[in-house]
Amino acid sequence: MNEETKHWADVIAENVLARGKKHTVASGITPSGAIHIGNMREVVTADAVYRALRDKGADVRLIYIADTFDPLRKVYPFLPKVYENHVGKPLSEIPCPCGSHKSYAEHFLVPFIEALHSLGIKPDVYRADELYRQGRYVEAIKIALIKRDAIARIISEVAGRELEPDWNPFNPICNECGRLSTTKVTGFDIEKETIDYACACGSQGTVSMRGGGKLTWRVDWPARWPIFGTTVEPFGKDHATAGGSYDTGKRISKEIYDYDPPYPIVYEWIMLKGRGAMHSSTGLAISISEMLEIVPPEVLRYLIIRQKPEKHIEFDPGLALLNLVDEYDRVEGDRRAYQLSQTEASRPTDIPFRHMVTTVQIADEKGFDYLLTVLRRSGYEISDIEAIRQRADNARNWLLRYAPPSVKFRVQETLPPQVKSLTKEQKHALAIIADELEQGMTGQEIHENIYKVAQEAGLDGKKVFEAVYLALLGLKSGPRAGHFLASLDRDFVVRRFKEASE
RNA sequence: GGGCUGGUAGCUUAGUCAGGCAGAGCGUCGGACUCUUAAUCCGACGGCCGUGGGUUCGAAUCCCUCCCAGCCCGCCA
């Protein structure tokens, strides 16, 4: 990317500003399962546009609407069987899987909102069940009931399918069984603000327009636009398809609610490298908290913000993650994306993640203070202890869970069999180093002398390093030799090098 | 079946709206640095811009065909 390229968030902000100065950027996710980094794209995208608008002086706010009033669709694999009884009930009315939250919806929503805060995203949060109970939807519900036929016509025209003759934009919650997926509207009273229904469970009843049920998704979505004055909204490509819910929503918004639909931002899925799209139900997903264990929040933002929303993101938590973090740190990519990725808690560091991964493996066993020492010796700034601690934690977790074997190393307890491949000259070089160490030369000094040793042994430097690593790690390469040697027990190294040189 | 989005260097991609010499980062290779390979700096290699056609003086860009990937057409970002 070059400097002339405008960042997508700025392009959108400019387009949107041409329509007016006051804006609401909306986002929303159904908290039906653990919210993963794929879901995160919605909110991060919204936040990027929100910030771009704010930077351009717009009067803008960011909202997040949690669809807590949606029914539970099925018993997901991560749920116990007893949840069969709750299928069809609103998420806000189902018990919490762990027992410590107010409801099923809160169980997934609360950690998600916490994660948002750590990403520096602070939307005004609304819960659909509360909005309905507070009566925020009453006007929209009345209009939808009265204009039922017109809405049905729009949906069948745009979506190209016939609706059931008894289709209704409102789903009442059954007073008996608590489900909203099994009820049919049989009548309504605009004055009393009530709706009559019959339920598949055999009961009939009357509910209030304030919390007694909800609008069906295709109507709920456009209904909420005027309620919040939404002018910009990102949504997944599932909603964006021709005849999909944005298409119907657009017309319902204009023709039924007399409101200009928001500026659409269609975003693609985040795929797990080589495994397909993320889905919490299939277990093929990385949760936000898992992600934040291995990278700082700014990097998670950067992952999403550097890419245009309509491109899918191939996320590779393996070796490629190192590149992502280092690219972010060096601001090698898109400067504007970097800027938009900042959080208040951002702590820039000059220590490459790659280097931290190495350092942790050398120094961790001797404690955090030693890690700092090693870093300082390598010439890095260590005044921000907290930032270093965070990065070290990230590196450690990454090594544990996602690192490919090629970046891992361990000092071998016994002489690695690979030393058999050492040449006579290499053995000689190791003997010289062992000798120097024994006479008190530190690893640091060895480090400065390495080429002299090579010359003495009649080798080029490369071969000497190779010998050092083979003797200690059983590998052909490793962390910077001098400091590495200095970090190990001197007697141990001497013994090992002598052993290897025999 | 119908539709949406994407397909540009080994990898990640910018440029496509408004046609004007195809750019960057990573990786690779080579070199420099008398503190190195996972450190720094410099340089090079690397592209029928998915395919085939059309429009045009000129196409990655516009139009049509087909192929590939993912998704939607039942409320799974």
Side-chain angles (χ1 to χ4, degrees), chain A residues 1-8 11 15 27-30 32-33 35-45 67 70-71 73-74 76 158-161 171 181 214 216-221 234-247 266-271 273 276-282 285 306-314 316 319-320 322-324 326-327 330-334 352 354-359 361 377-380 406-407 409 444-452 454-455 461-462 464-466 468-469 475-484:
Chain A
M1 235 185 258
N2 58 45
E3 286 161 341
E4 300 131 48
T5 306
K6 251 186 227 163
H7 191 269
W8 58 262
V11 173
N15 290 342
S27 60
I29 295 171
T30 308
S32 57
I35 297 173
H36 53 76
I37 61 174
N39 305 119
M40 202 61 165
R41 190 167 196 179
E42 165 131 354
V43 195
V44 172
T45 301
D67 289 307
D70 281 17
R73 294 203 191 290
K74 60 175 181 183
Y76 297 104
V158 176
R161 66 183 156 104
N171 295 127
S181 55
K214 74 179 290 287
T216 189
W217 165 247
R218 286 201 185 234
V219 183
D220 183 303
W221 197 23
F235 46 90
K237 61 171 174 176
D238 51 339
H239 295 309
T241 191
S245 53
Y246 184 71
D247 268 6
V266 178
Y267 61 90
E268 253 283 359
W269 313 120
I270 296 182
M271 327 281 287
K273 178 86 174 177
M278 286 197 196
H279 272 290
S280 46
S281 59
T282 56
R306 69 175 176 152
Q307 203 106 110
K308 289 193 296 190
E310 64 269 25
K311 284 255 194 187
H312 79 244
I313 293 174
E314 192 91 11
D316 181 356
L319 198 57
L322 293 182
N323 290 333
L324 178 70
D326 285 346
E327 179 184 316
R330 297 178 188 178
V331 201
E332 262 169 1
D334 182 337
R354 201 176 286 278
H355 187 250
M356 187 61 95
V357 164
T358 299
T359 311
Q361 294 183 88
R377 263 194 327 226
S378 318
Y380 290 106
S406 62
V407 299
F409 61 84
Q444 172 68 32
E445 288 163 327
I446 295 289
H447 169 129
E448 281 156 14
N449 269 307
I450 207 91
Y451 283 105
K452 216 155 57 185
Q455 222 169 12
K462 197 175 167 126
V464 179
F465 288 113
E466 213 177 278
V468 167
Y469 297 125
L475 300 170
K476 282 197 167 183
S477 60
R480 300 208 208 176
H483 292 147
F484 179 47

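Within every chain, numbering begins at 1; the chains are lettered A, B, ... in the order of the sequence lines, protein sequences first and strands thereafter. Because the structure is a prediction, the values reported are computed rather than measured.
Separating the P atom of B:C49 from that of B:U34 is a span of 44 Å, rounded to the nearest Å. With C1' as the reference atom, B:G52 and B:C67 are 10 Å apart, rounded to whole Å. Taking the P atoms as reference points, B:G31 lies 43 Å from B:G70, given to the whole Å. If you take atom C1' in B:C21 and the same atom in B:C57, they sit 16 Å apart, rounded to whole Å. Comparing B:G25 with B:U65, their P atoms are spaced 38 Å from each other, to the whole Å. Spacing of C1' atoms, B:A38 relative to B:C26, comes out at 15 Å, to the nearest Å. B:U28 and B:G46 have their C1' atoms separated by 9 Å, given to the nearest Å. Comparing B:A18 with B:C63, their P atoms sit 10 Å apart, to the nearest whole Å.
A salt bridge is absent between A:Lys311 and A:Glu268; no separation between the charged side-chain nitrogens and carboxylate oxygens falls under 4.0 Å.
Rounding to whole angstrom units, CD of residue A:Glu268 and P of B:U13 are separated by 11 Å. In this entry the distance linking NE2 of A:His239 with P of B:C71 reads 16 Å, nearest Å. We find that OH of A:Tyr76 is positioned 13 Å from P of B:C75, with the value rounded to whole Å. With rounding to whole Å, A:His312 atom NE2 is found 10 Å from B:G7 atom P. A:Lys237 places its NZ atom 11 Å from the P atom of B:U5, with the value rounded to the nearest Å. Distance A:Asp67 CG to B:C76 P: 11 Å, rounded to the nearest Å. With rounding to whole Å, A:Trp221 atom CH2 is found 11 Å from B:C75 atom C1'. Spacing between atom NE2 of A:His36 and atom C1' of B:C76 amounts to 9 Å, rounded to whole angstrom units.
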Its dot-bracket string being built from Watson-Crick and G-U pairs below 3.5 Å, with | for another strand and [ ] for crossing, RNA chain B has the pattern (((((((..((((......[..)))).(((((.......))))).....(.(((..]....))).))))))))....
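Note that CG of A:Asp220 is 7.5 Å distant from CG of A:Asp70, once rounded to the nearest 0.5 Å. Rounded to the nearest 0.5 angstrom, A:Gln361 CD and A:Met356 CE are separated by 12.5 Å. We find the NE2-CD1 distance between A:His36 and A:Ile29 to be 8.5 Å, quoted to the nearest 0.5 Å.
Ring pair A:Trp221/A:Phe235 is perpendicular by interplanar angle, where above 60° counts as perpendicular and below 30° as parallel.
The backbone N or O of A:Tyr246 lies less than 3.5 Å from no partner atom in the side chain of A:Arg218, so there is not a single donor-acceptor pair. The main-chain N or O of A:Gln307 is found under 3.5 Å from a side-chain atom of A:Trp8 such that the two form a donor-acceptor pair. In terms of modelled atom types and a separation under 3.5 Å, the side chain of A:Glu314 and the main chain of A:Met271 share no donor-acceptor contact.
In the set B:A38, B:G6, B:G15, the nucleotide with an atom closest to the side chain of A:Glu310 is B:G6. Considering only the side chain of A:Trp269, B:G70 comes nearest among B:U5, B:G70, B:C72. Side-chain proximity of A:Gln307 to the nucleotides B:C75, B:G15, B:U12 is greatest for B:U12. When distances are taken from the side chain of A:Lys311 to each of B:C72, B:A14, B:U12, the shortest belongs to B:A14. Comparing atom distances between the A:Phe409 side chain and each of B:A38, B:A14, B:U5 picks out B:A38 as nearest.
Within 4.0 Å (heavy atoms only), A:Gly244 reaches no atom of the nucleic acid at all.
Mapping A:Arg354 and A:Lys308 onto RNA chain B by nearest heavy atom places A:Lys308 closer to the 5' end of the strand.
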